Amino acid sequence: MKINMTEALAIDMDRCGWVCRKCGHEHGPAEQNYKQGLLVYARDPRQVHQAIIDPQQYAKTFAPQPEWVRIIEYYCPQCALLVEAEYLPPGHPPVHDMQFDLASLRALAARIQGAAQ
């Protein structure tokens, strides 16, 4: 049984692992950060947030500076679904943003399967 956790991710309770909701690719154990099993693309923030004033004339353009922030995108390695995007200082490790009580999820999955039968 799979439990949907986000629009792009589910936890396969039979294998206790993260899976892509679009293609079913396994991203790794559910006890770990799902981002470890994804492709990473570090974008220059100026690609997303264009300068408001001419960068040829001014040093400060109201666009995010790549020395201070990066946009990190995470993609499924099989179907290229964008799973997550986050703004981080350069060199910062990926944020571990989801951690669940897997024992409670297993109990919930067992109750749902029991009720369906």
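In this text, all values refer to a predicted model and were calculated from it rather than measured experimentally.
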Donor on one side chain, acceptor on other, Tyr75 and Glu73, under 3.5 Å: yes
Student check: side-chain heavy atoms of Arg43 and Val48 closer than 4.5 Å: yes
Flag side-chain contact, heavy atom, 4.5 Å: Asp44 against Ile71: no
Leu105 with Met98, same ILVMFWY side-chain cluster at under 4.5 Å: yes
Residue Phe100 excluded, over 12 heavy atoms near CZ under 6.0 Å: yes
Within 6.0 Å of CD in Glu7, more than 12 heavy atoms from elsewhere: no
Close side-chain approach of Pro94 and Glu86, heavy atoms under 4.5 Å: yes
Trace of the side chain to side chain contact (heavy atoms under 4.5 Å, CB included) decision for Met13 with Lys2: CA-CA 6 Å; Met13 297 311 299; Lys2 294 178 184 170; over 6 Å; no
CZ-CE distance between Arg106 and Met1, expressed to the nearest 0.5 angstrom: 14.0 Å
Note, Gln32 side chain near Trp18 side chain (heavy atom, < 4.5 Å): no
Spatial distance of atom CG (Asp54) from atom OG1 (Thr61) [nearest 0.5 Å]: 9.5 Å
Side chains of Tyr74 and Leu39 in contact at under 4.5 Å (non-hydrogen atoms): no
Distance in Å, Leu82 CG paired with Leu38 CG, rounded so as to fall on 0.5 Å steps: 10.0 Å
Short side-chain to backbone donor-acceptor contact, Asn4 and Leu9, under 3.5 Å: no
Heavy-atom pair with the smallest gap, counting every atom of Pro64 and Arg46: O-CG, 3.4 Å
Co-membership, hydrophobic cluster, residues Tyr58 and Phe62, 4.5 Å side-chain: yes
Audit row: Cys16, Ile11, side chain to side chain contact (heavy atoms under 4.5 Å, CB included) steps and yes/no: CA-CA 7 Å; Cys16 202; Ile11 293 179; 5.5 Å; no
Stepwise side chain to side chain contact (heavy atoms under 4.5 Å, CB included) test for Met5 and Tyr34: CA-CA 11 Å; Met5 306 310 284; Tyr34 63 91; over 6 Å; no
Heavy-atom check, side chain of Cys20 versus side chain of His27, under 4.5 Å: yes
Trace of the side chain to side chain contact (heavy atoms under 4.5 Å, CB included) decision for Leu88 with Arg70: CA-CA 5 Å; Leu88 294 174; Arg70 297 285 166 100; 5.6 Å; no
Validation row: Cys79, His25 side chains within 4.5 angstrom (heavy atoms): no
Between CD on residue Gln99 and CD on residue Glu31, distance to nearest 0.5 Å: 9.5 Å
Distance, nearest 0.5 Å, that separates OG1 of Thr6 from CZ of Arg21: 7.0 Å
Path from Val69 to Val95 over hydrophobic side-chain contacts below 4.5 Å: no
Ile72 vs Tyr41 side-chain heavy atoms within contact, under 4.5 Å: no
